[in-house]
J.: 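Below is the structure I would like to discuss, written out as structure tokens.
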Amino acid sequence: MASDGARKQFWKRSNSKVPGSLLRATPKVPTTPVKAKRGSTFQEFERNTSDAWDAGEDDDELLAMAAESLNTAVVMETANRVLRNHSQRQGCHKLLGALGPEQKPKPSVEPPLVPSGDLRLVKSVSESHTSCPAEELRKLSWSGIPKPVRAITWKLLSGYLPANVDRRPATLQRKQKEYFAFIDHYYDSRTDEVHQDTYRQIHIDIPRMSPEALILQPKVTEIFERILFIWAIRHPASGYVQGINDLVTPFFVVFICEYIDEEDVDTADVSCVPADALRNVEADTYWCMSRLLDGIQDNYTFAQPGIQMKVKILEELVSRIDGQVHRHLDQHEVRYLQFAFRWMNNLLMREVPLRCTIRLWDTYQSEPEGFAHFHLYVCAAFLVRWRKEILGERDFQELLLFLQNLPTAHWGDEDVSLLLAEAYRLKFVFADAPNHYKK
């Protein structure tokens, strides 16, 4: 009996705390819904629920948006394209499996043409006149961004540009003005004793970057020096570290392509770009690079603990994914830090051509924590991709030389897409189950 009384008291206490419940004068409130004695009309229901909806002139707009999003032609076109791509990939994999190693076709250097549907979809999202659905933009961008909209899409994905198109011009103007205020305030101090070592190291590192034909142009060199020096001054916790200089190039190349018609931007002449356009590109590059580094800054602080930790996790992960490769490296005393440190420090930029890096970054910016987290799985897939060649090497020196000079010069979009697909599979298996890669 006591338990029945306590149960009643419990329900009395809990009933008043239910979110949305109403305070009534009567002490007893039914705990179960009571069936209505008569059917209520739709008009009565609408009156009772009118406070839950923002009724008014927006109704027509919402209905139009719904009709547009469910347009049958668009849905069927997208579905057919997905099925067609899947069939082509399956057929390609079967053909490659049937061919011998000598007969396998070499990957195309030039990226494949992007279907016009993808271009239209990305344009519709990145140039939306209301607000940009970030999640939809990420999904569309994961498999690669068409060149004509890559610059604006990168700015949106990095969080540099606001979603609302009406706010973008003011934001760009404000951020560009802010960046050049930093130049006016800090750049003259590059020759001061406290900063001259930083500037000297930047000045030494830039000519070592690639592509040389682009970087060694005087205007480009000056832009890179200003970007890197200002970033180092404004981030004293890490300052300038070798490797950060490489992270400027993809943003600069993508943004300069808005003003250059040449297909091969590696050899493009920047002197033909108007001065105002170059100023815009410089400021946009600085801010987007800064946002990237905000997520991986522990890679470049003292002793680079972020890289040390990621290399250790990579070693654990590879030992679970492909124990034979892991044991082979261990047997020949090859340490992961000897080759993977650069993979983390430069985000694979020294391992693959620039065109592949840009395609890789399309996906990195579409993934949550792509540069900090997803990159780990890309590195694991990248290492296992060369398992046949690795297992064929029987000497420490030859093995390390191979890992530091991987044959990717002729890689194209298809190779990067396969690498990313394998990395995504590994992430799906291991990311939410860290014990899978712990010994």
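Atoms considered below: every heavy atom in the structure, side chains included; atoms not considered: hydrogens, waters and symmetry mates. For reference, positions follow the sequence shown, starting with 1. What you are looking at is a predicted structure, and each value in this text was computed from that prediction instead of being measured.
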J.: Do other residues, nucleotides or ligands put more than 12 heavy atoms under 6.0 Å from E389 CD?
T.: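 For E389, atom CD is crowded (more than 12 foreign heavy atoms under 6.0 Å).
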J.: Write down the atom of Y160, the atom of C288, and the distance for their closest heavy-atom approach.
T.: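 Heavy atoms only, the tightest pair is CD2-SG, 3.8 Å.
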J.: Charged N to carboxylate O below 4.0 Å: is that the case for K155 and E258?
T.: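 Judged by the 4.0 Å cut-off on N to carboxylate O distance, K155 and E258 do form a salt bridge.
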J.: Quick test of your reading of the model: are R226 and E282 salt-bridged, counting only N-O distances below 4.0 Å?
T.: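 Counted as a salt bridge, because a side-chain N and a carboxylate O are separated by less than 4.0 Å.
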J.: Looking only at atom types and distance, does a side-chain atom of N405 sit under 3.5 Å from a main-chain N or O of L401, one as donor and one as acceptor?
T.: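 Judged by distance alone, yes, a pair lies under 3.5 Å.
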J.: Distance from L376 atom CG to F371 atom CZ, nearest 0.5 Å?
T.: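 Nearest 0.5 Å value for the CG-CZ distance: 15.0 Å.
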J.: Suppose we screen for salt bridge (charged side-chain N to carboxylate O under 4.0 Å, His left out). Which residues come up paired with R167, at least two apart in sequence or across chains?
T.: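 R167 satisfies salt bridge (charged side-chain N to carboxylate O under 4.0 Å, His left out) with no residue once adjacent residues are dropped.
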J.: For the CD atom on E212, are there more than 12 heavy atoms of other groups (residues, nucleotides or ligands in this structure) within a distance under 6.0 Å?
T.: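 Not more than 12 within 6.0 Å, no.
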J.: I'd like to know if the side chain of D395 and the backbone of Q397 have a donor-acceptor N/O pair within less than 3.5 Å.
T.: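 Such a contact is found between D395 side chain and Q397 backbone.
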J.: Are the side chain of D184 and the backbone N or O of A181 linked by a donor-acceptor pair below 3.5 Å?
T.: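 Judged by distance alone, no pair lies under 3.5 Å.
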J.: Work out which heavy atom in P250 is nearest to a heavy atom in T357; give both atom names and the distance.
T.: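 That closest heavy-atom pairing would be CG-CG2, 4.0 Å.
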J.: If you round to the nearest 0.5 Å, how far is CG of D284 from CE of M289?
T.: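 If we round to the nearest 0.5 Å, M289:CE and D284:CG are 13.0 Å apart.
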J.: So does Q338 get a backbone contact from the side chain of Q404, meaning a donor-acceptor N/O pair under 3.5 Å?
T.: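 Present.
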J.: Classify the angle between the aromatic ring planes of F182 and Y186 as parallel (below 30°), tilted (30 to 60°) or perpendicular (above 60°).
T.: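 F182 and Y186: tilted rings.
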J.: Between Y286 and Y179, how do the two ring planes meet: parallel, tilted or perpendicular, split at 30° and 60°?
T.: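 Y286 and Y179: tilted rings.
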J.: By the definition salt bridge (charged side-chain N to carboxylate O under 4.0 Å, His left out), identify the one residue from K139, K427, R138 that meets it with E367.
T.: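 Going through the options one by one, the only one that passes is K427.
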J.: So, taking the atom named CH2 in W231 and the one named CG in L247, what distance separates them when rounded to the nearest 0.5 Å?
T.: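 Going from CH2 on W231 over to CG on L247, the span is 9.0 Å.
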J.: Do we see a donor-acceptor contact under 3.5 Å between the side chains of N245 and D205?
T.: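 No - no donor-acceptor pair under 3.5 Å links their side chains.
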J.: Are there more than 12 heavy atoms of other residues, nucleotides or ligands under 6.0 Å from atom CZ of R279?
T.: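 Counting neighbours around CZ of R279, 12 or fewer heavy atoms of other residues, nucleotides or ligands fall under 6.0 Å, so no.
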J.: Just verifying a value: how many Å separate R208 CZ and I215 CD1, rounded to the nearest 0.5 Å?
T.: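 Those atoms lie 14.5 Å apart.
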J.: Indicate the ring-plane relationship of H326 and Y336, choosing parallel, tilted or perpendicular according to the 30° and 60° boundaries.
T.: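 Tilted, since the angle between the ring planes falls between 30° and 60°.
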J.: Please answer whether the main-chain N or O of E351 pairs with a side-chain N or O of R342 as donor and acceptor at a distance below 3.5 Å.
T.: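 No.
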J.: Decide, yes or no, whether a salt bridge links K219 with E222 under the criterion of side-chain N to carboxylate O below 4.0 Å.
T.: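 So K219 does not pair with E222 through a salt bridge.
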J.: Could you measure the distance from the CG atom of D298 to the CG atom of L293? Nearest 0.5 Å is fine.
T.: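 Reported to 0.5 Å precision, the distance equals 11.0 Å.
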J.: With a 3.5 Å distance limit and no angle check, can you tell me whether T301 reaches the backbone of S238 through a side-chain donor-acceptor pair?
T.: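 Not at all, since once roles are kept as given, no pair shorter than 3.5 Å links the two residues.
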J.: Going by heavy atoms in the side chains, are I206 and L216 under 4.5 Å from each other?
T.: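 Side chain of I206 against side chain of L216, heavy atoms only: no contact under 4.5 Å found.
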J.: List in chain and number order the residues that pass ring-ring contact (aromatic ring centres under 6.0 Å, His included) with F251, two or more places apart in sequence or in another chain; answer none if no residue qualifies.
T.: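 Residues passing ring-ring contact (aromatic ring centres under 6.0 Å, His included) with F251: W154, W361.
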J.: Determine whether a donor-acceptor pair (N or O, by modelled atom type, separation under 3.5 Å) exists between the side chain of H332 and the backbone of L399.
T.: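 Pair absent, no side-chain N/O of H332 close to backbone of L399.
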J.: Is there a donor-acceptor contact under 3.5 Å from the side chain of S141 to the main chain of S366?
T.: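 No; judged by distance alone, with no hydrogens or angles, the pair does not exist.
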J.: Short question: side chain of D246, backbone of L348 - any donor-acceptor pair under 3.5 Å?
T.: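 Not a single qualifying donor-acceptor pair exists.
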J.: For a ring pair (Phe, Tyr, Trp, His ring centres under 6.0 Å) check, start with the C-alpha distance between F255 and F252, then their side-chain angles and the critical distance, and finish with the verdict.
T.: CA-CA 5 Å; F255 297 156; F252 180 82; 8.9 Å; no
J.: Between W386 and W411, what is the ring plane arrangement, given parallel below 30°, perpendicular above 60°, and tilted in between?
T.: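 Plane angle under 30°, so parallel.
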J.: Drop me the distance from L214's CG to L354's CG, to the nearest 0.5 angstrom.
T.: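 So the gap between those two atoms works out to 8.5 Å.
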J.: Do other residues, nucleotides or ligands put more than 12 heavy atoms under 6.0 Å from the CD atom of Q196?
T.: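 More than 12 within 6.0 Å, yes.
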J.: Would a distance-only check, ignoring hydrogens and angles, find a side-chain to backbone donor-acceptor pair under 3.5 Å from H195 to Y187?
T.: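 It does not hold such a pair.
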J.: Can you name the residues that form a salt bridge (charged side-chain N to carboxylate O under 4.0 Å, His left out) with E225, not counting sequence neighbours?
T.: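 Partners of E225 by the salt bridge (charged side-chain N to carboxylate O under 4.0 Å, His left out) criterion come out as none, since no residue qualifies.
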